[in-house]
Amino acid sequence: MKISNFFVKNNFKEFLNKNISRKSFIKFLGAGLGYLALQTKSARYAFAKATGQTLKPRSGRKVVTNFDLAVVKGENPAVITRKAIEILGGMNRFVKSGDTVVIKPNIGWDRTPEQAGNTNPEVVGTLVKLCRDSGAKIVKVFDRSCNDSRRTYRNTGIEDAVKKAGGVIYFCDDWKFYPAQYPKGSIMADWPMFRDAVECDVFINVPIAKDHGLTGLTLSMKNLMGVCGGNRGRIHWDIDQKLVEITEFIKPDLTVIDAYRILLRNGPTGGDLGDVEMKKTVIASADPVLADAYATTLFGMKPSDIGSIPIASRRGLGSMDIAKAKIREIRV
């Protein structure tokens with residue numbers, strides 16, 4: 001229970017009744033002071049660590065798919081998304097009856113779908129529907145937006161698409177970020193992570209493929225920054241290593257890269273339609289490294305051009321060897 005709710009429910013009513021003992025008053029006062037003390041983020045993180053309320057890494061699911069990678073091209077974003085998942089073996093390979101599913105798109109920027117700053121809403125809505133059809137108890141969708149969340153969720157079209165498909169979309173409240181149990185010596189040690197992103201049965205990562213001024217491209221590993229709290233500027237220090245460690249912690253079960261429109265320049269924010277190119281492509285894989293590796297080719301790049309990909313491959317998080325992968329490419 002949230003501390004403020006506990007404080008009100010268990011103490012304030014008693015105080016108002018005026019029939020309060022000295023012991024109860026002290027309890028009330030202590031709870032109030034404790035609540036006020038925990039209003040700073042640093043105090044909440046210290047309290048979480050001291051009381052064992054830290055997040056362990058996700059275990060993830062070892063899903064065997066028909067192909068290592070599915071690449072589908074076509075005119076309709078919903079159709080090519082559905083087909084990509086079908087090629088891998090269907091959503092029921094990943095989602096079981098009663099599962100809590102998280103779908104993490106890019107909803108970072110106050111941009112329309114045509115500006116290619118965020119994940120295509122039709123791709124997101126289709127994945128929500130597939131999860132619900134596979135028996136998911138709940139499908140949660142969220143992102144830690146860079147622009148105003150209310151405008152961003154609405155103007156991207158993602159909020160409406162999720163609700164229509166039967167999912168639940170909400171904002172990343174500060175109180176749901178907890179210190180994460182990264183391995184000893186990790187540069188992400190104790191970094192706050194969004195609890196709902198970790199405590200789920202299935203995690204589906206759904207970035208848009210686009211240019212990024214710092215990392216070259218933002219693909220699936222970069223998209224996971226949206227489940228991290230803390231100082232956004234600081235997380236960009238040693239960014240490639242951090243992205244790999246975040247990916248290892250979250251262990252996404254399925255990666256679906258939206259490349260229906262890609263942003264060639266001025267990423268990650270975009271805004272100029274002249275920077276957008278229609279690729280009308282969706283890439284899907286249980287291997288996030290392979291998905292990112294293939295996505296680089298849409299920009300005329302090699303996997304080794306993006307710093308996080310070789311690091312993740314060496315760490316055993318997936319393969320960057322496109323030539324050796326079992327890939328199904330079709331047009332519908």
Side-chain angles (χ1 to χ4, degrees), residues 55-65 67-71 88 94 102 104-106 119 180-189 191 193-194 197-198 202-228 234-259 262 267-268 282-327:
L55 298 173
K56 296 179 180 179
R58 286 192 69 244
S59 58
R61 285 182 174 170
K62 302 292 184 181
V63 179
V64 177
T65 54
F67 291 87
D68 297 327
L69 189 79
V71 181
L88 294 182
F94 301 91
V102 163
K104 166 58 180 77
N106 187 319
T119 309
Q181 295 181 24
Y182 280 91
K184 186 177 181 181
S186 167
I187 59 174
M188 288 294 293
W191 203 281
M193 305 287 284
F194 193 58
V198 180
V202 182
F203 189 103
I204 302 176
N205 194 13
V206 195
I208 183 171
K210 58 179 179 175
D211 171 72
H212 193 281
L214 178 62
T215 59
L217 296 176
T218 173
L219 302 168
S220 78
M221 286 188 274
K222 181 69 170 61
N223 192 50
L224 292 176
M225 269 185 58
V227 301
C228 299
R234 278 187 57 217
I235 205 170
H236 284 89
W237 304 348
D238 297 316
I239 183 68
D240 293 327
Q241 180 67 32
K242 283 179 178 172
L243 295 181
V244 171
E245 294 194 13
I246 295 166
T247 303
E248 188 172 35
F249 189 91
I250 293 294
K251 295 183 181 67
D253 303 290
L254 172 63
T255 297
V256 180
I257 298 181
D258 161 34
I262 64 172
V282 163
I283 301 162
S285 179
D287 181 342
V289 183
L290 184 61
D292 281 5
Y294 185 94
T296 64
T297 67
L298 301 179
F299 296 82
M301 301 171 73
K302 304 185 297 295
S304 57
D305 293 333
I306 305 302
S308 58
I309 295 176
I311 298 173
S313 180
R314 290 194 297 269
R315 199 147 174 157
L317 302 187
S319 171
M320 61 182 283
D321 194 337
I322 300 170
K324 291 183 179 179
K326 185 180 179 184
I327 300 174

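Quick caveat: nothing in here was measured; it's all calculated off a predicted structure.
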What do the steps show when you test F249 against M193 for side chain to side chain contact (heavy atoms under 4.5 Å, CB included), and what is the final call?
-> CA-CA 10 Å; F249 189 91; M193 305 287 284; 4.1 Å; yes

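The heavy-atom pair separating D240 from G307 by the smallest distance is OD2-CA, 3.5 Å. Residues A293 and I322 come closest through the heavy atom pair O-CD1, 3.5 Å. Taking every heavy atom of both residues into account, N223 and P207 meet most closely at CB-CB, 3.6 Å. Considering all non-hydrogen atoms of both residues, I235 and I239 come closest at O-CD1, 3.4 Å. Heavy atoms only, all atoms of each residue included: A291 and I257 are closest at O-CD1, 3.4 Å.
Between K222 and N106, every side-chain heavy-atom pair lies at or beyond the 4.5 Å cut-off. Considering only heavy atoms from C-beta on, T296 stays 4.5 Å or farther from D305 through its side chain. When side chains are defined from C-beta on, I309 counts as touching M221, because their heavy atoms get closer than 4.5 Å. Looking only at side-chain heavy atoms (C-beta outward), L88 and F94 come within less than 4.5 Å of each other. V256 is listed as a side-chain neighbour of V282, based on a closest heavy-atom distance under 4.5 Å. Looking at heavy atoms from C-beta onward, V63 lies out of side-chain contact with L254 at the 4.5 angstrom threshold. Side chains of I250 and N205 form no contact here, defined as non-hydrogen atoms less than 4.5 Å apart. At least one side-chain heavy atom of I246 sits less than 4.5 Å from a side-chain heavy atom of Y182.
Considering only residues two or more places apart in sequence or on other chains, S304 meets the side-chain hydrogen bond (donor to acceptor under 3.5 Å, both in side chains) condition with none of them. Not counting sequence neighbours, F299 has no partner by the ring-ring contact (aromatic ring centres under 6.0 Å, His included) test. Partners of F194 by ring-ring contact (aromatic ring centres under 6.0 Å, His included), not counting sequence neighbours, listed by chain and number: F142, F177.
Rounding to the nearest 0.5 Å places NE2 of H236 at 5.5 Å from CG of L214. Atoms CD and CD1, on E248 and I311 in that order, are 12.0 Å from each other to the nearest 0.5 Å. The structure places CZ of R314 at 8.5 Å from CE of M320, a figure rounded to the nearest 0.5 Å. Rounding to the nearest 0.5 angstrom, the gap separating the NZ atom in K210 from the CD1 atom in I262 is 12.5 Å.
With K242 as reference, I187 is the one residue of L224, T247, I187 to meet the side chain to side chain contact (heavy atoms under 4.5 Å, CB included) rule. With S285 as the fixed residue, the side chain to side chain contact (heavy atoms under 4.5 Å, CB included) test singles out one of I283, V289, D287: D287.
The main-chain N or O of D68 is never found under 3.5 Å from a side-chain atom of K326 such that the two would form a donor-acceptor pair. Without hydrogens or angle criteria, K251 side chain to P57 main chain gives no donor-acceptor distance under 3.5 Å. In this structure, S308 contributes its side chain and L243 its backbone to no donor-acceptor pair below 3.5 Å.
A donor and an acceptor atom, one from each side chain of D292 and S220, are located under 3.5 Å apart.
For D253 and R58, the salt-bridge test passes: some basic side-chain N is under 4.0 Å from an acidic carboxylate O.
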